[in-house]
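Let me begin by presenting the structure, written as structure tokens, before commenting on it.
For clarity, every value in this text was computed on a predicted model and none was experimentally measured. For the numbers below, each heavy atom of this structure counts, side chains included, while hydrogens, waters and symmetry mates do not.
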Amino acid sequence: MGHPTQPAVADDVIYATGFDVSPPFLADGQIAWRSGVPVRYAGGILPAGAEKLYFIGLIAPRGPQIPRYGVQTKLAARMIAVHTEAGPQGLALTNYFANLRQPELRIDVLRAVWDDQMADTERLLSALETAPVSRGIGRPATASGRTKS
């Protein structure tokens, strides 16, 4: 990355934090917070306020975790492909899910709840993948929910 006092430019960043969800490269207010956790959508993968940022493993069912990370990672990879297909005009993917579902604030959930969230995210993402890009989802929103111009 760059010198600590200069902005860094990167295509991809993988930042393994455990449960510390305050990466130093995010400006204060970049993502929305409620009750001490990031507001997230799409099975807890997409944080409100930051397009093209994905949380893997921040919500998971009780029990073995390693297999669960793969499920979320595959969904995130599809989300990245949808963003890429949208081209330079962008895509407000988080807004798409936020308009259809309530936010997720939990970290630990029962397996059945998590499975339902992953299936719902899969279904909504599949619907978006088959929709023409020209339908548009809107402009990306800020953490406050306002649309960027």
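The minimum heavy-atom distance between Tyr54 and Met79, with the atom names listed, is CE2-CB, 3.7 Å. For the pair Ile31 and Trp33, the tightest heavy-atom approach, listed with the atom from each and the gap, is O-CD1, 3.1 Å. Among all heavy-atom pairs drawn from Val39 and Pro103, the shortest one is CG1-CB, 3.5 Å. Across all their heavy atoms, Ala86 and Leu91 have their closest contact at CB-CB, 3.7 Å. Across Pro38 and Leu58, no two heavy atoms sit closer than the pair CG-CD2, 4.1 Å. Of all the heavy atoms in Tyr41 and Ala48, the pair that sits closest is CE1-CB, 3.9 Å.
For the pair Arg111/Arg68, a side-chain contact is recorded, criterion being any heavy-atom separation below 4.5 Å from C-beta on. Two residues are said to be in side-chain contact when any heavy atoms from C-beta on lie closer than 4.5 Å; Leu128 and Leu93 meet this criterion. You'll find the side chain of Arg101 reaches within 4.5 Å of the side chain of Leu124, heavy atoms only.
Exactly one residue among Tyr96, Phe97, Phe55 makes a side chain to side chain contact (heavy atoms under 4.5 Å, CB included) with Leu46. That residue is Phe97.
Within the 3.5 Å criterion, the main-chain N or O of Asn95 finds a donor-acceptor partner in the side chain of Asn99. Between the side chain of Glu51 and the backbone N or O of Thr94, at least one donor-acceptor pair lies under 3.5 Å.
Expressed to the nearest 0.5 Å, how far CD1 of Ile45 lies from CD of Gln117 amounts to 9.5 Å. Note: Asp120 CG to Leu125 CG = 11.0 Å, rounded to the nearest 0.5 Å.
Every pair tested for salt bridge (charged side-chain N to carboxylate O under 4.0 Å, His left out) that includes a residue from residues 25-42 fails, sequence neighbours excluded, so the list is empty.
Gln72 is linked by a side-chain hydrogen bond (donor to acceptor under 3.5 Å, both in side chains) to nothing, counting only residues two or more places apart in sequence or in another chain. Residues meeting the side-chain hydrogen bond (donor to acceptor under 3.5 Å, both in side chains) test with Thr121, sequence neighbours left out: none.
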Audit row: Arg123, Ser126, side chain to side chain contact (heavy atoms under 4.5 Å, CB included) steps and yes/no: CA-CA 5 Å; Arg123 183 181 61 77; Ser126 292; 5.8 Å; no
For a side chain to side chain contact (heavy atoms under 4.5 Å, CB included) check, start with the C-alpha distance between Glu85 and Val82, then their side-chain angles and the critical distance, and finish with the verdict. CA-CA 5 Å; Glu85 186 178 319; Val82 168; 5.7 Å; no
